[in-house]
Amino acid sequence: MAAVRVEQLVKRYGNVDALRGVGFEVDEGEVFALLGPNGAGKTTTVEILEGFRSRDGGRVEVLGYDPGEPATSRRLRERIGVVLQELAVEPLLTVRQVLSRNAGYYPRPRPVDEVLSLVGLGDKADERVKTLSGGQQRRLDLGLGIVGNPDLLFLDEPTTGFDPSARREAWGVIRALTGGGTTVILTTHYMDEAEALADRLAVVAAGRVVAEGTPESLGGRDVGEARISFRLPAGVAVSSLPVAPTGGSEGAVEIRTDKEVEVLAALTTWALGEKVDLGGLRVERMTLEDVYLRLTGHRAHGDGAPPAR
Ligand code: ATP
């Protein structure tokens, strides 16, 4: 059953067409990522779903409610959790106090001790918020997002600005949450994050969904040509290979093929028989980033720097 349904969603800001007919569905229990370059329309889409922005056209259903309907907005808010990039939290309260206070806003909150343990802040429960490190504050942000025991959780660029190990830790926390059945809508600029967390994703560009699918299949990257590459030891001629290379040089061989299983079988059987080492053997397909760049025609933020907002 769908937790979220979006059809032909339109939003204009003055003469800017921010959304021009966005559509997608998110199933219950699914982790769904929205990817796209700056200004593509991700935040606008998510804030319409959260009920924080109005729309100019289209149909939206979130947990069975229309988020643009004032009469039911409170009931919807009680069932969603939102984790923004920067949350204003009183620095002098302790972690437990902040979580307990927010728990009080919801009819069926998650026990605070359970939240502390899920986000890995059990040993910081009685510390003041201002003493937390940046990464620990983001864990608290996540905790605040889930303390209301939401059926649907929105995560806005949950690891922007994290160092690599903090990102891995945060992914672990998010997986633990989603393992419990919570539906998640995530916006991110990081391909590896979408790949690590999302069951399905949509690429948004210039106010439209330009592709949708699993991270493995997006843009058809699970089918089509693969690139096999390896190095031959000195003295072994390329002409002695059982399969003709399609590129590379004498030492570094490259073979592009859509029959990689057959080609690999021929190569490895030959190498074992001839006792030749295929140094650095790799089989690659288009990366998610390749597909993303092709779809959006933009440069991705692959340098690890947080994108400008
Ligand atoms: P980012 O990755 O930079 O966060 P985004 O995909 O979330 O971008 P949006 O913030 O939804 O993009 O913006 C979509 C378009 O709408 C952009 O052209 C933006 O300039 C415009 N826009 C967004 N909010 C407003 C606003 N309040 N008033 C006017 N224009 C806006």
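Counting starts at 1 for both ligands and their atoms, in listed order.
Annotation: Gly39 places an N or O atom under 3.5 Å from an N or O atom of ligand 1; distance criterion only. Distances between N or O atoms of Ala18 and those of ligand 1 include no value under 3.5 Å. The distance criterion of under 3.5 Å between nitrogen or oxygen atoms is met by Gly41 with respect to ligand 1.
When the options Arg12, Lys42, Glu47 are ranked by their closest heavy atom to atom 6 (O) of ligand 1, first place goes to Lys42. Between atom 7 (O) of ligand 1 and the options Asn15, Leu34, Thr43, the minimum heavy-atom separation is to Thr43.
No option in Val291, Leu288, Leu218 other than Leu288 meets the side chain to side chain contact (heavy atoms under 4.5 Å, CB included) test with Met191. Each of Asp156, Thr45, Thr43 was evaluated against Thr187; a single residue qualifies, Asp156, per the side chain to side chain donor-acceptor pair (under 3.5 Å) test.
Taking 4.0 Å as the cut-off between side-chain N and carboxylate O, Glu225 and Arg227 do not count as a salt-bridged pair.
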Show me the donor-acceptor pairs, under 3.5 Å and distance only, between side chains in residues 169-176 and residues at least two apart or in other chains.
unit_1: Glu169; atom_1: OE1; unit_2: Arg139; atom_2: NH2; d: 2.2
unit_1: Trp171; atom_1: NE1; unit_2: Glu193; atom_2: OE1; d: 3.0
unit_1: Arg175; atom_1: NH2; unit_2: Ala196; atom_2: O; d: 3.3

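Per-residue contacts place His189 under 4.0 angstrom from the following atoms of ligand 1 (heavy atoms of the residue considered): 2 (O). For ligand 1, the atoms sitting less than 4.0 Å from at least one non-hydrogen atom of Pro37 are 2 (O), 6 (O), numbered in the order shown with element in parentheses. Per-residue contacts place Ala40 under 4.0 angstrom from the following atoms of ligand 1 (heavy atoms of the residue considered): 5 (P), 6 (O), 12 (O).
Here the side chains of Val22 and Leu19 are in contact, with some heavy-atom distance below 4.5 Å. A heavy-atom distance below 4.5 Å is not found between the side chains of Thr183 and Asp151.
Using a 4.0 Å cut-off between heavy atoms, Lys11 makes no contact with ligand 1 at all.
Tyr190 carries Arg167 over the face of its six-membered ring, with the cationic atom under 6.0 Å from the centre and within 45° of the normal.
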